[in-house]
Structure formats: C-alpha cells, structure tokens
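These notes are about the structure you will find just below.
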Amino acid sequence: MLFRFSFPFTIRFFFIPPPCILLFVLFSFTCFNSTAYDPLDPNGNITIKWDIISWTPDGYVAVVTMYNFQQYRHISAPGWSLGWTWAKKEVIWSMMGGQTTEQGDCSKYKANIPHCCKKNPIVVDLLPGTPYNQQISNCCKGGVLSSWAQDQSKAVAAFQVSVGSASTTNKTVKVPKDFTLKAPGPGYTCGPATIVKPTQFLQPDKRRVTQALMTWNVTCTYSQFLAQRTPSCCVSLSSFYNNTVVPCTTCACGCQGNSSQSGECVDPDSPHLQSVVSNAGPGKSSITPLVRCTRHMCPIRVHWHVKLNYKEYWRVKVTVTNFNYGMNYSDWNLVVQHPNFDNLTQLFSFNYKAITPYGSINDTAMLWGLKFYNDFLMQAGPLGNVQSELLFRKDKSTFTFDKGWAFPRRVYFNGDVCVMSPPDAYPWLPNAGSRQVVSLLALVMSSLVALVLYADT
C-alpha cells in the first residue's frame with residue numbers, strides 16, 4: 001500500500017519541475033541554438049592581428065592583417081568591412097591598402113587634414129588595380145577572401161594605418177574596442193581585442209627576424225542564424241533505380257508572397273524579366289536575393305543524382321543551380337557528408353579536398369570549381385548551373401542502395417547548411433522480393449494456360 005501511494009507522487013514531482021529549472025532549460029536551449037560552433041570546422045574563425053611597427057610623434061603606425069582560418073567559408077564580393085571604436089580621441093592620418101568609408105568631421109584641423117576623424121571608423125579593402133604606391137602586401141582584392149582550404153595565399157588581407165592623437169608607448173597605448181566585421185552582410189561576432197606576444201617578421205633575405213612593438217588579436221566567429229533568419233540553399237534527390245524525384249521541400253527558404261522572409265520573387269516567364277534583373281544591383285552581387293519564383297524559394301539548389309551502378313563502383317552526378325537573379329557566386333564551394341567519401345576514386349570538373357573533423361574518419365568532402373572553368377556560378381538563367389560526376393569504389397561491408405544510404409547526410413553551400421528532405425521521402429529501392437514473386441506467378445499462370453490450350457487441341 002505504501003508503494004502504491006508513494007509512486008504517483010514521485011511521478012508527479014518528476015514531470016512538474018520547479019520554475020527555476022524551467023527557466024534554466026529555456027535559457028540553455030536559447031544559448032545552444034544561437035551558438036556559432038560548427039562541428040565540421042570547430043576551429044574556424046577570422047583572426048584580426050593588429051601589429052604596431054613604429055611610433056610617431058603623436059601615435060603609431062600599425063599593420064592590420066585578417067586571416068580567414070575557416071576551412072570552407074569565404075568572403076565574396078562586395079567584400080569585407082571592418083569597424084571599431086577608438087578608446088580615446090584617435091584619428092587616422094593616412095592609410096595604405098585600405099580606406100575608411102567616411103572621413104568624418106575634421107574641421108578642427110587647419111593644414112594637415114587626417115584621412116578619418118570618426119570615433120567609429122569603418123575600413124574597406126582597395127580594389128584591384130590600385131596604384132602601387134598605395135598598396136601593401138595582401139591588399140587590394142576588393143574585400144574578397146578565399147577560404148583556408150581553397151587557397152591559403154588568398155585567405156589573407158591587410159592594410160596599414162597611421163594613427164594620431166594616441167599614446168606613444170606600449171604601456172600607455174589604448175586598444176580599440178567594439179570590433180565589427182561584415183562580409184558583406186551580418187553574421188560575424190567579434191570578441192574583445194587581446195594583447196598577445198608581439199608578431200615576428202622574417203625579412204626577405206631570410207637571415208634576420210624583426211618583431212612588432214606591440215600586438216593584439218581579435219577573433220570573429222560566424223553564425224548562420226545571425227547572417228540570415230532563413231536558409232539559403234536546399235537539396236533535391238533522384239536515382240536511376242526509382243522514378244521518384246524528391247524536390248526541395250516547399251517553402252524551404254521562404255514562401256512566395258512573403259517578401260520579408262524570402263525577398264523578392266521573379267517569374268521567369270515575365271515579359272519584363274530583363275528590366276527587373278538589370279535593376280537587381282551593381283555588379284550582380286546584391287545581398288538581398290532576387291530569386292526565381294519556385295516552390296522552395298531558395299537562391300541555390302543542390303541536386304544529388306545516383307546515376308549508375310557498376311560491379312565495383314557506383315557513380316553520382318551533382319548539380320548546383322543558381323536561382324538568384326541578383327548574384328553571381330564567385331569561388332563557390334560545396335561541402336558534402338557521406339560515408340563513402342573514403343572511397344572516392346575519381347572526380348570530374350570539380351576540385352576536391354577531404355575534411356576530417358572527426359580525426360581519421362573521412363566522410364566529409366569539400367568540392368569547388370576549377371579556376372577559369374566553373375568557379376564562377378552565373379546568375380539564374382540557362383548558364384546558371386555547374387555540375388560534376390563522382391565515381392566511388394564500393395566497400396562491400398557497408399555499401400547498399402537500400403533505405404537512402406546512397407544520399408548525402410548533410411550539404412553546405414558557401415558555408416551555410418542546406419535544407420534536406422526528410423529521410424522517409426528518399427527514393428527507395430523497389431521491393432525485389434515482390435517483383436520475383438510476381439514474375440514466378442506470371443510464369444506459372446502462362447504455363448498453365450499453355451497446357452490448357454494444348455489439351456484442347
């Protein structure tokens with residue numbers, strides 16, 4: 001009797017926690033969902049290194065260098081912009097390799113006018129073709145940064161800044177605060193500047209090493225949720241063994257008629273299509289997508305087609321289609337998770353690099369276009385797609401076409417996670433057993449009919 005009465009009270013207490021526990025659970029859920037941690041690139045970040053290389057009568061000269069340590073997330077046109085807030089009343093006398101977007105109020109200066117007098121300057125990269133006397137090493141790329149895995153030499157940007165009205169010793173200089181990075185839109189969150197060990201520089205003759213007078217670092221991490229509230233790509237699936245084509249899910253990136261969620265929508269059959277596209281934005285690189293009207297309303301669709309089956313191999317065709325009339329994607333990349341990438345034998349018309357976030361397990365591949373061939377994904381239209389084929393060797397211990405095994409587990413485009421269809425919608429293998437029973441039954445029936453007709457004759 002005691003057990004029977006005490007048991008319900010125990011259950012009731014377990015399912016109705018105190019309010020403080022509910023608040024803790026809700027807070028934890030919010031924190032975990034807004035985190036910038038990427039399991040495929042746990043150490044990926046953009047590090048900004050600020051090196052003071054000399055003192056001036058009223059301040060210092062510094063070289064600011066940005067390193068994109070993200071494996072597969074790059075910065076495309078119109079490029080990055082870096083901002084901060086001065087700790088005191090510093091001004092920028094001059095710059096090389098970069099420039100501020102605004103000069104600010106410099107009216108108190110009569111003769112020598114500073115480059116920028118704003119309390120919170122914003123710096124952008126210079127364009128290619130800038131005169132050599134305004135350049136420094138790793139500058140002048142229009143703000144475009146490659147990902148670390150694609151090209152490390154192009155994953156670095158730098159500019160030089162001469163700061164005035166500042167302290168002139170490493171004990172009194174004040175570190176800027178509130179760093180911001182846009183690439184070109186939101187998404188990056190920067191931490192505070194941290195004073196670190198001075199950077200050492202190897203001279204061109206490689207016989208002498210110099211070092212900065214003072215160095216501080218700023219680390220910026222990316223969050224897809226902060227960059228955009230809706231996804232930017234989706235995945236569709238098909239196979240040779242099933243006539244079912246699994247399209248991108250409806251409203252995967254937004255819904256037609258909801259401009260606040262998916263941006264503008266353009267009917268490809270509209271007679272005024274060309275005039276609408278021409279107003280999409282300069283350089284076809286508008287941040288707000290101008291997408292073709294579809295069920296999914298995604299700027300990018302990745303299609304994975306299981307094409308052929310051989311005795312020792314199997315083949316997949318991957319197609320990336322651009323539905324965005326306002327964007328040409330340069331140096332795009334694709335990251336795909338599939339357990340058979342450990343046995344990738346041949347790749348056609350794409351570059352490939354294995355990403356192993358789990359140590360020795362090779363189930364993640366980074367794919368990107370060949371330079372001057374298909375590294376430029378054109379805006380929506382007949383030329384707005386790139387494609388390649390992948391040839392895999394079969395591992396007999398794991399290989400199967402059953403239950404959607406041949407399809408990817410996760411797909412990223414330009415570092416953003418694409419929307420996948422639910423697994424129960426994948427094209428499955430036809431029931432081979434049922435086909436065999438039907439075939440035997442048909443054979444028996446046809447034999448019986450033949451015998452009856454023969455007996456009647």
Side-chain angles (χ1 to χ4, degrees), residues 46-68 75-145 156-168 173-193 212 214-220 282-283 285 287:
I46 291 182
T47 298
I48 302 165
K49 186 181 290 289
W50 193 297
D51 294 308
I52 297 178
I53 57 176
S54 66
W55 301 110
T56 61
D58 70 335
Y60 58 85
V61 176
V63 174
V64 181
T65 309
M66 298 172 56
Y67 298 90
N68 184 13
I75 298 178
S76 58
W80 55 264
S81 59
L82 178 65
W84 62 84
T85 300
W86 291 117
K88 299 191 295 183
K89 296 182 179 180
E90 293 90 339
V91 296
I92 299 176
W93 284 115
S94 62
M95 293 189 67
M96 292 182 63
Q99 63 182 0
T100 59
T101 56
E102 297 182 57
Q103 184 183 33
D105 183 10
C106 297
S107 58
K108 69 177 184 179
Y109 294 90
K110 305 302 181 182
N112 192 13
I113 307 299
H115 176 81
C116 179
C117 300
K118 286 183 69 67
K119 178 74 172 178
N120 49 350
I122 296 177
V123 175
V124 295
D125 195 10
L126 295 181
L127 298 174
T130 298
Y132 288 112
N133 61 353
Q134 300 177 25
Q135 295 187 25
I136 68 168
S137 179
N138 294 316
C139 84
C140 313
K141 304 171 185 176
V144 175
L145 278 182
V156 183
F159 59 87
Q160 181 176 298
V161 57
S162 177
V163 181
S165 299
S167 300
T168 56
V173 69
K174 297 296 183 180
V175 177
K177 56 185 179 181
D178 299 334
F179 279 84
T180 60
L181 176 63
K182 293 188 176 181
Y188 285 92
T189 301
C190 299
M214 185 178 181
T215 299
W216 57 78
N217 283 355
V218 178
T219 302
C220 302
S285 57
I287 299 175

[X] side, atom [atom1]; [Y] side, atom [atom2] - distance, nearest 0.5 Å:
| X | Y | atom1 | atom2 | answer |
| --- | --- | --- | --- | --- |
| Ile75 | Ile46 | CD1 | CD1 | 4.0 Å |
| Met214 | Ile53 | CE | CD1 | 15.0 Å |
| Phe179 | Asn217 | CZ | CG | 10.0 Å |
| Leu126 | Cys139 | CG | SG | 6.0 Å |
| Ile122 | Lys182 | CD1 | NZ | 6.5 Å |
| Cys116 | Gln99 | SG | CD | 11.0 Å |

Grab the two heavy atoms, one from [X] and one from [Y], that are nearest each other, plus how far apart they are.
| X | Y | result |
| --- | --- | --- |
| Gly142 | Leu127 | CA-CD2, 4.0 Å |
| Thr180 | Leu82 | O-CD1, 3.4 Å |
| Leu181 | Trp80 | CD1-CB, 4.1 Å |
| Asp125 | Gly97 | OD1-O, 3.2 Å |
| Ser162 | Val61 | OG-CG2, 4.0 Å |
| Ile113 | Cys106 | CG2-CB, 4.1 Å |

Donor-acceptor pair, side chain of [X] and main chain of [Y], under 3.5 angstrom:
| X | Y | value |
| --- | --- | --- |
| Lys119 | Trp86 | yes |
| Gln103 | Pro114 | yes |
| Asn138 | Ala158 | no |
| Asp58 | Ser165 | yes |
| Asp178 | Trp84 | no |

Check: Can you tell if the side chain of Met95 reaches within under 4.5 Å of the side chain of Val123, non-hydrogen atoms only?
Finding: yes
Check: Is there a side-chain contact between Cys117 and Asp105 (heavy atoms, below 4.5 Å)?
Finding: no
Notebook entry, point to check: Partners of Trp55 by ring pair (Phe, Tyr, Trp, His ring centres under 6.0 Å), sequence neighbours excluded?
Noted result: none
Note to self: If you count heavy atoms of other groups shown closer than 6.0 angstrom to NZ of Lys177, is the number above 12?
What the structure shows: no
Margin query: Within the supplied structure, the quantity of interest is the number of heavy atoms (other residues, nucleotides, ligands) at a distance under 6.0 Å from Lys141 NZ; does it exceed 12?
Written below: yes
Notebook entry, point to check: Would you call the rings of Trp93 and Tyr109 parallel, tilted or perpendicular, where under 30° means parallel and over 60° means perpendicular?
Noted result: perpendicular
Checklist line | Under 3.5 Å side-chain donor-acceptor pair for Thr215 and Asp51 | finding: yes
